[in-house]
Number of protein chains: 2
Amino acid sequence: MRERICSAAMDLFLREGFERTSIRRIAAAIGYTPGAIYSYFGDKDDILYAIHEQGFARLGLLLHTLDGGGLSARERFERLGELYLRFAFENPQYYDLMFIKDRTAKKIEELGQWDVGLDTYDFVRAVVRESMRDGALPTGDVEAATFALWASVHGMASLVIRSRCKMIPPDALSTVVAEAYRWTMRAMPAQEPAHPPRARGRVRRSGR
Amino acid sequence: MRERICSAAMDLFLREGFERTSIRRIAAAIGYTPGAIYSYFGDKDDILYAIHEQGFARLGLLLHTLDGGGLSARERFERLGELYLRFAFENPQYYDLMFIKDRTAKKIEELGQWDVGLDTYDFVRAVVRESMRDGALPTGDVEAATFALWASVHGMASLVIRSRCKMIPPDALSTVVAEAYRWTMRAMPAQEPAHPPRARGRVRRSGR
DNA sequence: AGCTTCGATAAACACCGTTCAATATGCTGA
DNA sequence: TCAGCATATTGAACGGTGTTTATCGAAGCT
(Lines give C-alpha, C1' and ligand atoms only; values in the text may rest on other atoms or scores of the structure.)
Protein backbone atom coordinates (compact mmCIF):
# COMPACT_ATOMS: atom_id res chain seq x y z
CA MET A 1 0.00 0.00 0.00
CA ARG A 2 2.84 2.40 0.90
CA GLU A 3 4.30 1.24 -2.39
CA ARG A 4 1.14 2.14 -4.30
CA ILE A 5 1.04 5.59 -2.73
CA CYS A 6 4.71 6.21 -3.51
CA SER A 7 4.48 5.19 -7.12
CA ALA A 8 1.30 7.21 -7.67
CA ALA A 9 3.02 10.18 -6.00
CA MET A 10 6.14 9.81 -8.13
CA ASP A 11 3.97 9.52 -11.20
CA LEU A 12 2.31 12.84 -10.39
CA PHE A 13 5.64 14.45 -9.45
CA LEU A 14 6.95 13.53 -12.89
CA ARG A 15 3.97 14.86 -14.75
CA GLU A 16 2.90 17.85 -12.65
CA GLY A 17 5.78 18.73 -10.39
CA PHE A 18 5.87 18.45 -6.62
CA GLU A 19 4.09 21.67 -5.77
CA ARG A 20 1.06 20.84 -7.88
CA THR A 21 0.84 17.29 -6.52
CA SER A 22 -1.60 17.42 -3.63
CA ILE A 23 -2.49 14.68 -1.20
CA ARG A 24 -5.97 14.84 -2.65
CA ARG A 25 -4.67 14.13 -6.13
CA ILE A 26 -2.48 11.26 -4.98
CA ALA A 27 -5.47 9.78 -3.18
CA ALA A 28 -7.69 10.17 -6.24
CA ALA A 29 -5.05 8.53 -8.43
CA ILE A 30 -5.25 5.32 -6.41
CA GLY A 31 -8.98 5.57 -5.72
CA TYR A 32 -8.83 6.62 -2.10
CA THR A 33 -9.80 9.60 0.03
CA PRO A 34 -7.10 11.96 1.32
CA GLY A 35 -7.46 10.84 4.92
CA ALA A 36 -6.53 7.25 4.07
CA ILE A 37 -3.01 8.27 3.13
CA TYR A 38 -2.38 9.44 6.68
CA SER A 39 -2.73 5.85 7.88
CA TYR A 40 0.45 5.07 5.94
CA PHE A 41 2.43 8.32 6.04
CA GLY A 42 2.63 10.84 8.85
CA ASP A 43 2.58 13.78 6.50
CA LYS A 44 3.25 14.76 2.91
CA ASP A 45 7.00 15.05 3.43
CA ASP A 46 7.14 11.45 4.65
CA ILE A 47 6.21 10.42 1.12
CA LEU A 48 9.02 12.62 -0.15
CA TYR A 49 11.38 10.93 2.26
CA ALA A 50 10.35 7.44 1.16
CA ILE A 51 10.92 8.31 -2.50
CA HIS A 52 14.26 9.92 -1.62
CA GLU A 53 15.30 6.61 -0.06
CA GLN A 54 14.42 4.78 -3.28
CA GLY A 55 16.50 7.32 -5.16
CA PHE A 56 19.56 6.67 -3.01
CA ALA A 57 19.09 2.93 -3.48
CA ARG A 58 19.13 3.45 -7.25
CA LEU A 59 22.12 5.77 -7.14
CA GLY A 60 24.00 3.37 -4.89
CA LEU A 61 23.33 0.50 -7.31
CA LEU A 62 24.56 2.59 -10.21
CA LEU A 63 27.76 3.76 -8.49
CA HIS A 64 28.65 0.28 -7.31
CA THR A 65 28.87 -0.89 -10.91
CA LEU A 66 32.36 0.62 -10.57
CA ASP A 67 33.34 -2.26 -8.28
CA GLY A 68 34.95 -5.29 -9.76
CA GLY A 69 35.39 -3.92 -13.22
CA GLY A 70 39.17 -4.14 -13.03
CA LEU A 71 39.37 -0.37 -13.41
CA SER A 72 42.37 1.66 -12.40
CA ALA A 73 41.93 4.15 -9.57
CA ARG A 74 42.02 7.02 -12.05
CA GLU A 75 39.36 5.38 -14.22
CA ARG A 76 37.17 4.78 -11.19
CA PHE A 77 37.60 8.40 -10.15
CA GLU A 78 36.67 9.76 -13.56
CA ARG A 79 33.77 7.34 -14.08
CA LEU A 80 32.37 8.18 -10.66
CA GLY A 81 31.54 11.73 -11.64
CA GLU A 82 30.22 10.63 -15.01
CA LEU A 83 27.87 8.11 -13.39
CA TYR A 84 26.71 10.72 -10.89
CA LEU A 85 25.93 13.15 -13.68
CA ARG A 86 24.21 10.42 -15.66
CA PHE A 87 22.00 9.64 -12.69
CA ALA A 88 21.15 13.31 -12.27
CA PHE A 89 20.22 13.89 -15.90
CA GLU A 90 18.35 10.62 -16.34
CA ASN A 91 16.40 11.05 -13.09
CA PRO A 92 16.11 14.80 -12.58
CA GLN A 93 13.08 14.51 -10.32
CA TYR A 94 14.81 11.98 -8.10
CA TYR A 95 17.91 14.15 -8.05
CA ASP A 96 15.88 17.17 -7.08
CA LEU A 97 14.29 15.30 -4.20
CA MET A 98 17.58 13.89 -2.99
CA PHE A 99 19.93 16.85 -3.29
CA ILE A 100 18.04 20.09 -3.85
CA LYS A 101 14.57 20.18 -2.29
CA ASP A 102 14.35 21.99 1.03
CA ARG A 103 11.60 19.85 2.43
CA THR A 104 13.55 16.65 2.04
CA ALA A 105 16.42 18.05 4.07
CA LYS A 106 13.99 19.29 6.71
CA LYS A 107 12.42 15.84 6.98
CA ILE A 108 15.82 14.14 7.16
CA GLU A 109 16.78 16.50 9.96
CA GLU A 110 13.49 15.83 11.73
CA LEU A 111 14.05 12.07 11.55
CA GLY A 112 17.78 12.31 12.20
CA GLN A 113 18.32 9.78 9.39
CA TRP A 114 21.48 11.06 7.73
CA ASP A 115 22.90 7.61 7.03
CA VAL A 116 20.91 7.15 3.81
CA GLY A 117 23.04 9.65 1.93
CA LEU A 118 26.09 9.02 4.06
CA ASP A 119 26.74 5.60 2.52
CA THR A 120 27.00 7.20 -0.88
CA TYR A 121 29.31 9.91 0.41
CA ASP A 122 31.53 7.32 2.08
CA PHE A 123 31.80 5.54 -1.24
CA VAL A 124 32.91 8.71 -3.01
CA ARG A 125 35.38 9.49 -0.25
CA ALA A 126 36.83 5.99 -0.53
CA VAL A 127 37.32 6.37 -4.27
CA VAL A 128 39.06 9.72 -3.75
CA ARG A 129 41.29 8.27 -1.04
CA GLU A 130 42.24 5.31 -3.22
CA SER A 131 42.95 7.63 -6.12
CA MET A 132 45.33 9.67 -4.00
CA ARG A 133 47.07 6.62 -2.62
CA ASP A 134 47.38 5.26 -6.13
CA GLY A 135 48.81 8.46 -7.51
CA ALA A 136 45.77 9.06 -9.68
CA LEU A 137 45.20 12.38 -7.95
CA PRO A 138 47.44 14.96 -6.30
CA THR A 139 47.63 14.03 -2.64
CA GLY A 140 46.06 16.34 -0.09
CA ASP A 141 43.09 16.73 2.23
CA VAL A 142 40.77 13.84 1.32
CA GLU A 143 37.73 15.52 2.87
CA ALA A 144 38.25 18.72 0.90
CA ALA A 145 38.96 16.92 -2.36
CA THR A 146 35.86 14.77 -1.98
CA PHE A 147 33.75 17.81 -1.31
CA ALA A 148 35.32 19.64 -4.24
CA LEU A 149 34.51 16.80 -6.62
CA TRP A 150 30.97 16.44 -5.30
CA ALA A 151 30.35 20.19 -5.42
CA SER A 152 31.55 20.31 -8.99
CA VAL A 153 29.21 17.65 -10.34
CA HIS A 154 26.35 18.71 -8.09
CA GLY A 155 26.79 22.24 -9.32
CA MET A 156 26.47 21.20 -12.94
CA ALA A 157 23.50 18.96 -12.23
CA SER A 158 21.59 21.43 -10.10
CA LEU A 159 22.20 24.39 -12.41
CA VAL A 160 20.77 22.43 -15.32
CA ILE A 161 17.90 20.87 -13.39
CA ARG A 162 16.87 24.18 -11.87
CA SER A 163 16.99 25.92 -15.26
CA ARG A 164 19.90 28.27 -14.66
CA CYS A 165 21.68 27.58 -17.93
CA LYS A 166 19.57 29.49 -20.42
CA MET A 167 22.62 31.46 -21.57
CA ILE A 168 23.81 28.22 -23.14
CA PRO A 169 21.88 27.11 -26.26
CA PRO A 170 19.79 24.08 -25.26
CA ASP A 171 21.22 21.84 -27.95
CA ALA A 172 24.78 22.73 -26.92
CA LEU A 173 24.12 22.22 -23.20
CA SER A 174 25.00 18.55 -22.95
CA THR A 175 28.30 19.02 -24.76
CA VAL A 176 29.19 22.04 -22.61
CA VAL A 177 28.48 19.99 -19.49
CA ALA A 178 30.56 17.10 -20.79
CA GLU A 179 33.34 19.49 -21.77
CA ALA A 180 33.20 21.21 -18.38
CA TYR A 181 33.51 17.85 -16.65
CA ARG A 182 36.45 16.94 -18.85
CA TRP A 183 37.98 20.30 -17.95
CA THR A 184 37.53 19.59 -14.27
CA MET A 185 39.15 16.18 -14.68
CA ARG A 186 42.01 17.54 -16.76
CA ALA A 187 42.52 20.16 -14.08
CA MET A 188 43.04 17.43 -11.49
CA PRO A 189 46.01 15.71 -13.04
CA ALA A 190 47.21 12.26 -12.21
CA GLN A 191 50.52 12.32 -10.32
CA GLU A 192 53.27 9.75 -10.17
CA PRO A 193 52.14 6.86 -7.96
CA ALA A 194 53.44 7.32 -4.40
CA HIS A 195 54.56 3.70 -4.03
CA PRO A 196 53.91 2.24 -7.46
CA PRO A 197 53.93 -1.54 -7.63
CA ARG A 198 52.73 -2.76 -4.25
CA ALA A 199 50.08 -0.04 -3.89
CA ARG A 200 48.57 -0.57 -7.33
CA GLY A 201 48.60 -4.32 -6.83
CA ARG A 202 46.88 -4.03 -3.47
CA VAL A 203 44.27 -1.69 -4.81
CA ARG A 204 43.61 -3.82 -7.87
CA ARG A 205 43.18 -6.92 -5.74
CA SER A 206 40.94 -5.28 -3.14
CA GLY A 207 38.81 -3.80 -5.90
CA ARG A 208 38.00 -7.24 -7.31
CA MET B 1 5.05 51.27 -2.44
CA ARG B 2 6.53 48.37 -4.43
CA GLU B 3 9.63 49.05 -2.34
CA ARG B 4 7.70 48.76 0.91
CA ILE B 5 6.16 45.47 -0.17
CA CYS B 6 9.53 44.07 -1.24
CA SER B 7 11.30 44.97 1.95
CA ALA B 8 8.47 43.63 4.10
CA ALA B 9 8.50 40.44 2.02
CA MET B 10 12.27 40.04 2.32
CA ASP B 11 12.00 40.67 6.03
CA LEU B 12 9.54 37.81 6.37
CA PHE B 13 11.54 35.56 4.03
CA LEU B 14 14.55 36.02 6.29
CA ARG B 15 12.67 35.30 9.48
CA GLU B 16 10.11 32.70 8.40
CA GLY B 17 11.24 31.31 5.06
CA PHE B 18 9.54 31.72 1.73
CA GLU B 19 6.93 28.99 2.07
CA ARG B 20 5.60 30.34 5.32
CA THR B 21 5.45 33.91 4.04
CA SER B 22 1.93 34.43 2.74
CA ILE B 23 0.55 37.40 0.86
CA ARG B 24 -1.74 37.94 3.83
CA ARG B 25 1.23 38.20 6.19
CA ILE B 26 3.10 40.57 3.92
CA ALA B 27 -0.03 42.73 3.69
CA ALA B 28 -0.48 42.71 7.45
CA ALA B 29 3.16 43.67 7.96
CA ILE B 30 2.66 46.92 6.05
CA GLY B 31 -0.88 47.52 7.28
CA TYR B 32 -2.76 46.66 4.10
CA THR B 33 -5.22 44.03 2.95
CA PRO B 34 -4.06 41.17 0.70
CA GLY B 35 -5.88 42.47 -2.35
CA ALA B 36 -3.95 45.75 -2.30
CA ILE B 37 -0.71 43.93 -3.11
CA TYR B 38 -2.16 42.82 -6.42
CA SER B 39 -2.30 46.45 -7.53
CA TYR B 40 1.50 46.46 -7.47
CA PHE B 41 2.49 42.87 -8.29
CA GLY B 42 0.79 40.49 -10.67
CA ASP B 43 1.30 37.50 -8.41
CA LYS B 44 3.41 36.25 -5.54
CA ASP B 45 6.26 35.20 -7.79
CA ASP B 46 6.54 38.74 -9.17
CA ILE B 47 7.67 39.78 -5.70
CA LEU B 48 10.22 36.96 -5.82
CA TYR B 49 11.40 38.23 -9.17
CA ALA B 50 11.78 41.80 -7.93
CA ILE B 51 13.88 40.66 -4.97
CA HIS B 52 15.94 38.42 -7.25
CA GLU B 53 16.76 41.51 -9.31
CA GLN B 54 17.96 43.33 -6.19
CA GLY B 55 20.10 40.31 -5.40
CA PHE B 56 21.80 40.43 -8.79
CA ALA B 57 22.41 44.15 -8.37
CA ARG B 58 24.16 43.44 -5.08
CA LEU B 59 26.18 40.56 -6.50
CA GLY B 60 27.17 42.62 -9.53
CA LEU B 61 28.37 45.43 -7.27
CA LEU B 62 30.40 42.99 -5.20
CA LEU B 63 32.03 41.27 -8.18
CA HIS B 64 32.93 44.55 -9.84
CA THR B 65 35.12 45.47 -6.87
CA LEU B 66 37.61 43.28 -8.77
CA ASP B 67 37.89 46.00 -11.40
CA GLY B 68 40.61 48.55 -11.07
CA GLY B 69 42.40 46.92 -8.18
CA GLY B 70 45.52 46.38 -10.22
CA LEU B 71 45.14 42.65 -9.77
CA SER B 72 46.78 40.09 -12.02
CA ALA B 73 44.51 37.91 -14.13
CA ARG B 74 45.19 34.96 -11.86
CA GLU B 75 44.34 36.98 -8.76
CA ARG B 76 41.12 38.20 -10.37
CA PHE B 77 40.23 34.62 -11.27
CA GLU B 78 40.82 33.31 -7.77
CA ARG B 79 39.13 36.24 -6.04
CA LEU B 80 36.09 35.89 -8.30
CA GLY B 81 35.13 32.54 -6.83
CA GLU B 82 35.88 33.72 -3.32
CA LEU B 83 33.61 36.74 -3.73
CA TYR B 84 30.87 34.57 -5.19
CA LEU B 85 31.07 32.21 -2.24
CA ARG B 86 31.14 35.13 0.16
CA PHE B 87 27.98 36.51 -1.37
CA ALA B 88 26.29 33.12 -1.11
CA PHE B 89 27.17 32.56 2.53
CA GLU B 90 26.48 36.13 3.62
CA ASN B 91 23.13 36.29 1.79
CA PRO B 92 21.87 32.72 1.70
CA GLN B 93 18.26 33.74 1.18
CA TYR B 94 19.16 35.97 -1.74
CA TYR B 95 21.32 33.21 -3.16
CA ASP B 96 18.50 30.73 -2.83
CA LEU B 97 16.13 33.04 -4.70
CA MET B 98 18.63 33.79 -7.42
CA PHE B 99 20.16 30.40 -8.12
CA ILE B 100 18.16 27.60 -6.53
CA LYS B 101 14.45 28.30 -6.20
CA ASP B 102 12.28 26.75 -8.88
CA ARG B 103 9.69 29.48 -8.88
CA THR B 104 12.19 32.21 -9.68
CA ALA B 105 13.33 30.33 -12.78
CA LYS B 106 9.74 29.75 -13.79
CA LYS B 107 8.99 33.44 -13.49
CA ILE B 108 12.13 34.43 -15.41
CA GLU B 109 11.09 32.04 -18.15
CA GLU B 110 7.57 33.47 -18.15
CA LEU B 111 8.91 37.01 -18.49
CA GLY B 112 11.68 36.04 -20.88
CA GLN B 113 14.05 38.25 -18.83
CA TRP B 114 17.27 36.28 -18.85
CA ASP B 115 19.55 39.31 -19.13
CA VAL B 116 19.50 40.02 -15.38
CA GLY B 117 21.73 37.05 -14.62
CA LEU B 118 23.41 37.15 -18.00
CA ASP B 119 25.42 40.27 -17.17
CA THR B 120 26.97 38.48 -14.23
CA TYR B 121 27.74 35.42 -16.33
CA ASP B 122 29.33 37.58 -19.01
CA PHE B 123 31.56 39.09 -16.36
CA VAL B 124 32.72 35.67 -15.18
CA ARG B 125 33.31 34.55 -18.74
CA ALA B 126 35.39 37.65 -19.41
CA VAL B 127 37.56 36.98 -16.37
CA VAL B 128 38.09 33.38 -17.47
CA ARG B 129 38.95 34.46 -21.01
CA GLU B 130 41.42 37.06 -19.74
CA SER B 131 42.96 34.50 -17.42
CA MET B 132 43.54 32.12 -20.31
CA ARG B 133 44.97 34.82 -22.54
CA ASP B 134 47.22 35.89 -19.72
CA GLY B 135 48.44 32.39 -19.03
CA ALA B 136 46.80 32.34 -15.62
CA LEU B 137 44.79 29.29 -16.67
CA PRO B 138 45.37 26.39 -19.06
CA THR B 139 43.92 27.47 -22.39
CA GLY B 140 40.87 25.65 -23.70
CA ASP B 141 37.15 26.00 -24.26
CA VAL B 142 36.20 29.27 -22.50
CA GLU B 143 32.55 28.34 -22.27
CA ALA B 144 33.28 25.01 -20.65
CA ALA B 145 35.84 26.44 -18.24
CA THR B 146 33.45 29.21 -17.18
CA PHE B 147 30.72 26.70 -16.57
CA ALA B 148 33.12 24.43 -14.68
CA LEU B 149 34.14 27.26 -12.37
CA TRP B 150 30.58 28.40 -11.82
CA ALA B 151 29.35 24.85 -11.21
CA SER B 152 32.08 24.30 -8.67
CA VAL B 153 31.29 27.31 -6.50
CA HIS B 154 27.55 26.99 -7.00
CA GLY B 155 27.82 23.38 -5.94
CA MET B 156 29.52 24.29 -2.69
CA ALA B 157 27.11 27.11 -1.98
CA SER B 158 23.94 25.20 -2.76
CA LEU B 159 24.96 22.07 -0.90
CA VAL B 160 25.59 24.11 2.23
CA ILE B 161 22.53 26.34 1.87
CA ARG B 162 20.23 23.41 1.23
CA SER B 163 21.63 21.49 4.22
CA ARG B 164 23.31 18.62 2.41
CA CYS B 165 26.58 18.74 4.35
CA LYS B 166 25.59 17.18 7.64
CA MET B 167 28.32 14.57 7.26
CA ILE B 168 30.78 17.41 7.87
CA PRO B 169 30.89 18.71 11.46
CA PRO B 170 29.25 22.17 11.45
CA ASP B 171 32.24 23.90 12.97
CA ALA B 172 34.58 22.35 10.39
CA LEU B 173 32.31 23.19 7.46
CA SER B 174 33.67 26.61 6.60
CA THR B 175 37.28 25.38 6.59
CA VAL B 176 36.35 22.36 4.44
CA VAL B 177 34.66 24.68 1.96
CA ALA B 178 37.66 27.00 1.92
CA GLU B 179 39.98 24.03 1.55
CA ALA B 180 37.86 22.57 -1.25
CA TYR B 181 37.98 25.88 -3.09
CA ARG B 182 41.74 26.05 -2.63
CA TRP B 183 41.90 22.49 -3.99
CA THR B 184 39.87 23.48 -7.03
CA MET B 185 42.15 26.46 -7.63
CA ARG B 186 45.32 24.46 -7.13
CA ALA B 187 43.91 21.91 -9.57
CA MET B 188 43.65 24.62 -12.23
CA PRO B 189 47.30 25.61 -12.44
CA ALA B 190 48.61 28.77 -13.94
CA GLN B 191 50.50 28.17 -17.20
CA GLU B 192 53.27 30.13 -18.81
CA PRO B 193 51.83 33.33 -20.33
CA ALA B 194 51.03 32.85 -24.03
CA HIS B 195 52.55 36.20 -25.10
CA PRO B 196 53.96 37.59 -21.88
CA PRO B 197 54.85 41.27 -21.94
CA ARG B 198 52.43 42.94 -24.33
CA ALA B 199 49.46 40.88 -23.29
CA ARG B 200 49.99 41.46 -19.57
CA GLY B 201 50.52 45.15 -20.15
CA ARG B 202 47.34 45.44 -22.12
CA VAL B 203 45.31 43.60 -19.55
CA ARG B 204 46.76 45.61 -16.69
CA ARG B 205 45.99 48.88 -18.39
CA SER B 206 42.45 47.96 -19.47
CA GLY B 207 41.74 46.75 -15.92
CA ARG B 208 42.42 50.17 -14.51
C1' DA C 1 -21.73 70.79 -5.30
C1' DG C 2 -21.31 67.28 -8.47
C1' DC C 3 -18.51 64.13 -10.92
C1' DT C 4 -14.65 61.30 -11.85
C1' DT C 5 -10.73 58.68 -10.64
C1' DC C 6 -8.32 55.51 -8.25
C1' DG C 7 -6.46 53.00 -4.31
C1' DA C 8 -8.04 49.90 -0.78
C1' DT C 9 -11.30 46.80 1.09
C1' DA C 10 -14.09 42.78 2.18
C1' DA C 11 -15.92 38.89 0.67
C1' DA C 12 -15.76 35.12 -2.02
C1' DC C 13 -13.61 31.09 -4.81
C1' DA C 14 -11.11 27.09 -5.28
C1' DC C 15 -7.72 25.03 -3.60
C1' DC C 16 -4.30 23.11 0.12
C1' DG C 17 -2.45 19.80 4.32
C1' DT C 18 -4.28 17.71 8.18
C1' DT C 19 -7.49 15.79 11.83
C1' DC C 20 -11.07 12.94 13.63
C1' DA C 21 -15.65 11.04 14.73
C1' DA C 22 -18.26 7.90 12.35
C1' DT C 23 -18.74 4.12 9.40
C1' DA C 24 -17.91 0.21 6.51
C1' DT C 25 -15.28 -4.00 5.99
C1' DG C 26 -13.38 -8.34 6.91
C1' DC C 27 -11.95 -11.72 10.36
C1' DT C 28 -12.34 -14.48 14.72
C1' DG C 29 -14.43 -17.26 18.10
C1' DA C 30 -18.66 -19.28 19.80
C1' DT D 1 -24.53 -18.74 11.48
C1' DC D 2 -23.88 -14.91 13.87
C1' DA D 3 -21.97 -11.53 17.41
C1' DG D 4 -18.10 -8.95 18.35
C1' DC D 5 -13.97 -6.95 17.40
C1' DA D 6 -10.24 -4.70 14.89
C1' DT D 7 -8.91 -2.45 11.30
C1' DA D 8 -9.25 0.36 6.96
C1' DT D 9 -11.65 4.00 4.98
C1' DT D 10 -14.66 7.76 4.78
C1' DG D 11 -16.57 12.50 4.86
C1' DA D 12 -16.79 16.53 6.91
C1' DA D 13 -14.53 19.97 9.07
C1' DC D 14 -10.56 23.40 10.41
C1' DG D 15 -7.54 26.83 9.35
C1' DG D 16 -4.77 28.12 6.07
C1' DT D 17 -3.28 29.47 0.99
C1' DG D 18 -3.12 32.53 -3.71
C1' DT D 19 -6.13 35.18 -6.36
C1' DT D 20 -10.32 37.79 -8.18
C1' DT D 21 -13.77 41.25 -8.09
C1' DA D 22 -17.68 44.19 -6.84
C1' DT D 23 -17.91 47.81 -3.78
C1' DC D 24 -16.65 51.67 -1.19
C1' DG D 25 -14.50 56.11 0.16
C1' DA D 26 -11.63 59.77 -0.19
C1' DA D 27 -9.25 62.95 -2.91
C1' DG D 28 -8.97 66.03 -7.02
C1' DC D 29 -10.97 68.60 -10.67
C1' DT D 30 -14.69 71.33 -13.07
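Chain identifiers are assigned alphabetically (A, B, ...) following the order of the sequence lines, protein sequences preceding nucleic acid strands; residue numbering begins at 1 within each chain. What you see is a predicted model, and the numbers here were worked out from it, not measured in a lab.
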Which pairs with one or both residues in residues 35-64 of chain B pass side-chain hydrogen bond (donor to acceptor under 3.5 Å, both in side chains), sequence neighbours excluded?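 Applying side-chain hydrogen bond (donor to acceptor under 3.5 Å, both in side chains) to every pair that reaches into residues 35-64 of chain B, excluding sequence neighbours, yields B:Asp43-B:Lys107, B:Asp45-B:Arg103, B:Asp46-B:Lys107, B:Gln54-B:Tyr94, B:Arg58-B:Asn91.
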Could you give all pairs that pass the side-chain hydrogen bond (donor to acceptor under 3.5 Å, both in side chains) test and reach residues 14-24 of chain A, with sequence neighbours left out?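 The answer is A:Asp11-A:Arg15.
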Taking only residues two or more places apart in sequence, or in another chain, which ones meet A:Arg162 in a side chain to side chain contact (heavy atoms under 4.5 Å, CB included)?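 Partners of A:Arg162 under the side chain to side chain contact (heavy atoms under 4.5 Å, CB included) test: A:Asp96, A:Ile100, A:Lys101, A:Arg164, B:Ile100, B:Asp102, B:Arg162.
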Check: B:Phe56 ring centroid to B:Phe87 ring centroid under 6.0 Å: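 Centroid distance B:Phe56-B:Phe87: not below 6.0 Å, so no.
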Any residue meeting ring pair (Phe, Tyr, Trp, His ring centres under 6.0 Å) with A:Phe18, in chain and number order, not counting sequence neighbours: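 Counting only residues at least two positions away or on another chain, A:Phe18 forms a ring pair (Phe, Tyr, Trp, His ring centres under 6.0 Å) with A:Phe13.
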A:Tyr32: ring pair (Phe, Tyr, Trp, His ring centres under 6.0 Å) partners, not counting sequence neighbours: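 Once residues adjacent in sequence are excluded, A:Tyr32 has no partner under the ring pair (Phe, Tyr, Trp, His ring centres under 6.0 Å) criterion.
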Base, backbone or nothing for each nucleotide of nucleotides 22-27 of chain C, written B, S, -, heavy atoms under 4.0 angstrom, 5' to 3'? ------
What's the shortest heavy-atom distance between [X] and [Y], and which atoms?
X	Y	answer
A:Val153	A:Leu85	O-CD2, 3.6 Å
A:Ala73	A:Glu130	CB-O, 4.2 Å
B:Tyr181	B:Gly81	OH-CA, 3.1 Å
A:Leu159	B:Ala151	CD1-CA, 4.0 Å
B:Ile168	A:Tyr121	CD1-OH, 4.4 Å
A:Ile23	A:Ile37	O-CD1, 3.9 Å

Which two nucleotides bound the region of DNA chain D that has atoms under 4.0 Å from heavy atoms of chain B, read 5' to 3'?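 Range of nucleotides within reach of chain B: D:dT17 to D:dT20.
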Hey, are the side chains of B:Cys6 and B:Phe41 touching, using non-hydrogen atoms and a 4.5 Å cut-off?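 Touching, per the 4.5 Å side-chain cut-off.
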Any residue in residues 1-22 of chain A with a heavy atom nearer than 4.0 angstrom to DNA chain C? Just list them by number, or reply none.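 When residues 1-22 of chain A is checked for heavy atoms under 4.0 Å from DNA chain C, the hits, listed by number, are A:Thr21, A:Ser22.
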Can you pull out the residues from residues 23-33 of chain B that lie within a 4.0 Å heavy-atom distance of DNA chain C?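 Nucleic-acid contacts, sorted: B:Arg24, B:Tyr32, B:Thr33.
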Anything under 3.5 Å between a donor and an acceptor, one on a side chain of residues 141-150 of chain A, the other on a protein residue two or more places apart or in another chain? List them.
from     : atom 1 : to       : atom 2 : distance (Å)
A:Asp141 : OD1    : A:Glu143 : N      : 2.9
A:Asp141 : OD1    : A:Ala144 : N      : 3.2
A:Glu143 : OE1    : A:Arg125 : NE     : 3.1
A:Glu143 : OE2    : A:Arg125 : NE     : 3.4
A:Glu143 : OE2    : A:Arg125 : NH2    : 3.4
A:Thr146 : OG1    : A:Val142 : O      : 2.7
A:Trp150 : NE1    : A:Tyr84  : OH     : 2.9

Nucleic acid contacts of residues 36-50 of chain B, taken as heavy-atom distances under 4.0 Å to DNA chain D: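 Close to the strand are B:Tyr38, B:Asp43, B:Lys44.
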Taking only residues two or more places apart in sequence or in another chain, which ones pass side-chain hydrogen bond (donor to acceptor under 3.5 Å, both in side chains) with B:Lys166?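 With sequence neighbours excluded, B:Lys166 shows a side-chain hydrogen bond (donor to acceptor under 3.5 Å, both in side chains) to A:Glu109, given in chain and number order.
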